[in-house]
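Since the structure comes first, as structure tokens, the remarks are kept for the end.
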Amino acid sequence: MRYLRLISQNVLLRTILVVLVGGFGVVPQATAAMSPTEIEQACNDLARMAFDLKDLVNTVAAKRNPGPFQDILDEFSDISDSCLSNISVMIRSSIVTEQGDQQLVYEAYSNFIQGLFELMDSVAETAPVLIELEKQAEFRIPAAVHEVAGVVDALLYQVMAVFPTGTSYSQQAANQKSQADTHFRQAVHAFHLATANTGTPYSNTSVV
């Protein structure tokens with residue numbers, strides 16, 4: 001569990017640094033901002049990454065092949081890194097006032113949320129199999145989920161901030177974010193539950 005705490009602290013520090021750098025314009029790229037079309041592209045790219053990782057998780061579990069276990073962790077990290085890169089630019093984006101642009105951003109935001117839903121559902125459903133295939137999965141997958149959840153949380157707040165307060169888009173986006181938070185918690189819980197049912201919980205934590 002110390003491993004999970006260290007991961008969470010590291011993610012928090014990285015996210016805070018990105019937000020501070022973007023907010024104060026410390027680096028040149030942070031002085032830019034994203035247009036509605038660029039936000040749409042960023043969210044759709046992240047959605048594709050989530051759907052791709054879901055497919056990888058399902059394939060590893062279905063084929064009972066532990067070989068690509070590190071690939072799963074790497075793709076979780078890729079999502080985190082992509083979120084951080086987008087936050088540093090998106091933080092200076094203006095509120096979107098045109099309804100057509102709001103719809104554009106909201107549909108892409110919803111696509112990313114759906115990708116997260118399906119990814120976390122797959123992670124939860126395959127937890128017992130992944131732990132059976134690779135003992136370290138019982139703590140390394142939850143750690144990866146915690147890391148992604150932390151940076152996704154910051155990114156979703158940035159996207160939500162471009163919707164005018166009180167609009168249906170703002171309210172729906174907030175509701176979807178709440179559902180995403182629940183999916184993240186359920187995925188981590190699934191691994192805790194599966195671990196509780198093993199004979200030697202966290203028996204390999206000393207090797208990390």
Side-chain angles (χ1 to χ4, degrees), residues 1-15 18 41-87 108 111-156 179-208:
M1 301 309 291
R2 179 174 177 272
Y3 181 77
L4 295 182
R5 288 195 296 270
L6 289 173
I7 288 290
S8 298
Q9 292 167 0
N10 182 49
V11 173
L12 178 61
L13 289 173
R14 290 171 65 198
T15 305
V18 167
Q41 183 65 52
C43 287
N44 282 331
D45 286 346
L46 286 165
R48 279 190 288 272
M49 294 174 74
F51 286 123
D52 287 347
L53 180 49
K54 177 201 74 171
D55 291 342
L56 177 60
V57 169
N58 287 340
T59 299
V60 168
K63 300 294 184 181
R64 304 186 73 82
N65 176 16
F69 177 70
Q70 184 60 47
D71 295 335
I72 292 176
L73 299 178
D74 289 344
E75 292 198 20
F76 267 115
S77 293
D78 289 343
I79 293 175
S80 296
D81 290 343
S82 183
C83 284
L84 287 171
S85 296
N86 283 300
I87 291 169
N111 188 32
F112 181 34
I113 291 286
Q114 184 62 36
L116 293 173
F117 286 174
E118 294 188 22
L119 171 57
M120 290 302 110
D121 286 347
S122 293
V123 167
E125 292 166 4
T126 60
V129 176
L130 293 178
I131 290 175
E132 180 182 341
L133 294 174
E134 171 53 64
K135 186 63 177 175
Q136 291 191 22
E138 65 183 327
F139 57 93
R140 297 194 70 182
I141 296 294
V145 172
H146 274 299
E147 178 175 5
V148 167
V151 293
V152 163
D153 187 70
L155 177 78
L156 295 183
Q179 294 179 53
D181 292 341
T182 298
H183 276 71
F184 281 123
R185 287 193 296 271
Q186 290 173 335
V188 171
H189 173 72
F191 272 83
H192 291 171
L193 183 61
T195 296
N197 287 317
T198 63
T200 53
Y202 303 115
S203 61
N204 284 346
T205 55
S206 62
V207 302
V208 177

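All heavy atoms count here, side chains included; hydrogens, waters and symmetry mates do not.
- Note that CG of Asp78 and SG of Cys83 are 11.0 Å apart. Values are rounded to the nearest 0.5 Å.
- Atom NZ of residue Lys54 and atom CG of residue Leu119 lie 9.0 Å apart, to the nearest 0.5 angstrom.
- Under the salt bridge (charged side-chain N to carboxylate O under 4.0 Å, His left out) criterion, Glu125 pairs with no residue at all, not counting sequence neighbours.
- Judged as a side chain to side chain contact (heavy atoms under 4.5 Å, CB included), and not counting sequence neighbours, the contacts of Pro66 are Leu133.
- Not a single side-chain hydrogen bond (donor to acceptor under 3.5 Å, both in side chains) links Asp55 to another residue, sequence neighbours left out.
- Looking at heavy atoms from C-beta onward, Leu156 lies in side-chain contact with Val152 at the 4.5 angstrom threshold.
- Nearest heavy-atom pair, Leu56 versus Pro68, reported as atom, atom and distance to 0.1 Å: CD1-CB, 4.3 Å.
- Every residue two or more places apart in sequence or in another chain was checked for a side-chain hydrogen bond (donor to acceptor under 3.5 Å, both in side chains) with Gln186, and none qualifies.
- Here the rule is side-chain contact (heavy atoms from CB on, under 4.5 Å) with Met120, and of Val188, Val145, Val57 only Val145 fits it.
- Rounding to the nearest 0.5 angstrom, the gap separating the CD1 atom in Ile141 from the NE2 atom in His146 is 12.0 Å.
- Applying the salt bridge (charged side-chain N to carboxylate O under 4.0 Å, His left out) test to Glu75 and every residue at least two apart in sequence or in another chain returns nothing.
- The nearest pair of heavy atoms linking Phe191 to Pro142 is CB-CG, 3.5 Å.
- Residues Ala187 and Ala124 come closest through the heavy atom pair CA-CB, 4.0 Å.
- Partners of Asp74 under the side-chain hydrogen bond (donor to acceptor under 3.5 Å, both in side chains) rule, at least two apart in sequence or in another chain, are Gln70.
- Judged as a salt bridge (charged side-chain N to carboxylate O under 4.0 Å, His left out), and not counting sequence neighbours, Asp71 has no contacts.
- Rounding to the nearest 0.5 Å places CD of Gln179 at 4.5 Å from CZ of Phe117.
- Phe69 and Gln136 make their closest contact through CZ-C, 4.3 Å (heavy atoms, listed as atom of the first residue, atom of the second, distance).
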Donor-acceptor pairs are to be reported for all side-chain atoms of residues 43-51 against protein atoms at under 3.5 Å, with residues two or more places apart or in another chain.
unit_1	atom_1	unit_2	atom_2	d
Asn44	OD1	Asn111	ND2	3.0
Asn44	ND2	Glu40	O	3.4
Asp45	OD1	Gln41	NE2	2.7
Asp45	OD1	Arg48	NH2	2.3
Asp45	OD2	Gln41	NE2	3.4

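- By the side chain to side chain contact (heavy atoms under 4.5 Å, CB included) test, Ala149 is found to be paired with Phe184, residues two or more places apart in sequence or in another chain being considered.
- Salt bridge Glu132/Arg64: present, at least one basic N to carboxylate O contact under 4.0 Å.
- Remark: Thr182 pairs with Arg185 by the side-chain hydrogen bond (donor to acceptor under 3.5 Å, both in side chains) rule, at least two apart or across chains.
- Distance check: Ser82 OG to Asn86 CG gives 5.0 Å after rounding to the nearest 0.5 Å.
- The structure places CG of Leu130 at 13.0 Å from NZ of Lys135, a figure rounded to the nearest 0.5 Å.
- Listed by chain and residue number, Thr126, Val129 satisfy the side chain to side chain contact (heavy atoms under 4.5 Å, CB included) test with Ala61 (two or more places apart in sequence, or in another chain).
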